[in-house]
Novice: 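Just dropping this structure here.
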Amino acid sequence: MTIVSDVSAGSAAGAGSLSLPRDPVARLAALFDAGSMELLDSPEGSGVAAAAGLVEGAGAVAFASDPRVQGGASGSEGCAVIVSAYDEAVARGVPVIGLWHSGGARIAEGVASLHGVGTVFAAMTAASGVVPQISVVLGPAAGGAAYGPALTDIVILSRQGRIFVTGPDVVRSVTGEDVDMARLGGPEPHSRRSGVVHLVADTDTEAVGYARSVAALLSSQGTVSAESVASRDLSGILPDSARRAYDVHTVISRLLDSPGIELHPKWAPNIVTTLGRLAGRTVGVIANNPMRLGGCLDTASAEKAARFVRFCDAFGVPLVVVVDTPGYLPGVGQEWDGVVRRGAKLLHAFAEAVVPRVTLVTRKAYGGAYIAMNSRSLGATRVFAWPDAEVAVMGAVAAVRILHKRRLAKVPAAELHDAEAALAAEHEATVGGLGRAVEIGVVDEIVSPAGTAAAIAEAIASAPAKRGAHANIPL
Amino acid sequence: MAEVRAEMVANVWRVVVAEGDHVEDGDTLVILESMKMEIPVLAEQSGTVSKLHVAEGDVVQEDDLIAVID
């Protein structure tokens, strides 16, 4: 074991008790299982330390920038250390974890440092989809140090972490905007607005803990034991009124073995993406949340889900897709924001995915959003629906208002409601309804909430274990 | 201070809080109606509702101000 040097001095220099020491070796030691860390070669003054060891009993490689040397700025030597760490991780087939605290490229080194940073980006891209890449941002990560984490699969931001391309001084001199580091690139903007960060931690220790948990979920995925969820009952979650919102987190927490790790919890919260375990096996859950935007899909949620699907597919993690969506969010804002282009990413991601992917329609799946949420047509392994679920182009009443517009226009206002209801019933009997969906095979089976967890577990267990052969571009 | 704005075009179906009320992060402020769904608008920070800009029956456009929390 490598002895952690001068931890107390590091703590004193840090920004309070919530921080890990500034010494990068001490930071790496906090990441690995006790006694498992071995330092990898790193030249004196490079500003980067690297190590290999165990995380939750599975192999991993990690590196950390040294904020005590030129503010953690990256020079060509430090970048070479990171590239070597990547080579090592790929050779071992283990996750690579970066602990970032860096002002960007070393200005004094000129273009050589930019070249070095570029070689890191190239190494990250070459390793994308090959080994899991996790970034933990503990302090400012500016310029090149911002794009480093952004190229990886999972970005974790500690309370004092800041990510931005150009700092407050440059922003002020160029645009005149007066903004501090936290507002520019702290936890608030990156967790709610930009989507850059998957997880925000209150302390450095918690941030490193998240990295360990994510690495363990990917390294030790386990196998399904369907019997273990036989008594897991999802009854009584949906509200009585089909129009009423509810929080889908309840469904997810009841479904999973233990609380999972929700990625991007505050960004595009109308879709929930959670990594967790079901019946002992790592799965990725994607769920519409009716509590936010009524569970509509929109530009940001489609992109968030698409990236999560490709991430899971790249590392062989089966998907569980929980569907309750009224459709795509309408409006000029959405169209101009590229809902067609960005929504297409979700279609592409699901259609391309080869991991077992099981869909559960809990309440409703309408229109384009029905297709996008891992429908049979996109290649779902299994599609389940709860007994009262609706699968349709749109709600039956809305459909007959369009189909029978002229006929309904002649109906007196007092009789309109009854006329619509009669036409809607007729419409459901002929084209709509869950029975029809089962008949034509777009829903495989109607399951009760009580039998849902076991049905999903069995569907995953009986599907061939596959892994997508593609990189994970940060969509 | 945090401004809570409408995320979509909708009718204001229920106003749940009043000016001066204390709310916690995640509390429902108003319930909108759109896409045939009741859509709660939630506080994104704890504080006092200092301004309420909508009433039941109003139509809000995307990005319209709903409330201010101090």
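Every chain is numbered from 1 and lettered A, B, ... according to where its sequence line falls, protein lines coming before strand lines.
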Novice: What part of B/Glu7 gets within 4.5 angstrom of chain A, counting heavy atoms only: side chain, backbone, both, or neither?
Specialist: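 For B/Glu7, the contact with chain A is made by backbone and side chain together.
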Novice: Side chain from CB out, backbone as N, CA, C, O: work out which of these in B/Gln61 comes under 4.5 Å of a heavy atom of chain A, or both, or neither.
Specialist: neither
Novice: Verify the neighbour count for atom CG of B/Asp25: are there more than 12 heavy atoms of other residues, nucleotides or ligands below 6.0 Å?
Specialist: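 Counting neighbours around CG of B/Asp25, more than 12 heavy atoms of other residues, nucleotides or ligands fall under 6.0 Å, so yes.
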Novice: Kindly check if the number of other-residue, nucleotide or ligand heavy atoms within 6.0 Å of NE2 (A/His417) is above 12?
Specialist: no
Novice: Of the backbone (N, CA, C, O) and the side chain (C-beta and beyond), which part of A/Tyr328 lies under 4.5 Å from a heavy atom of chain B, both, or neither?
Specialist: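 When you check distances to chain B, only backbone atoms of A/Tyr328 fall under 4.5 Å.
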Novice: Quick check on side-chain contact (heavy atoms from CB on, under 4.5 Å): which of A/Thr362, A/Thr359, A/Asn288 does A/Val322 satisfy it with?
Specialist: A/Thr362
Novice: Should A/Glu188 and A/Arg183 count as an ion pair when the cut-off is N to O under 4.0 Å?
Specialist: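 Result for this pair is no, no salt bridge flagged.
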Novice: Which one of B/Val9, B/Leu42, B/Ile31 has the most heavy-atom pairs closer than 4.5 Å to chain A?
Specialist: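 It is B/Leu42.
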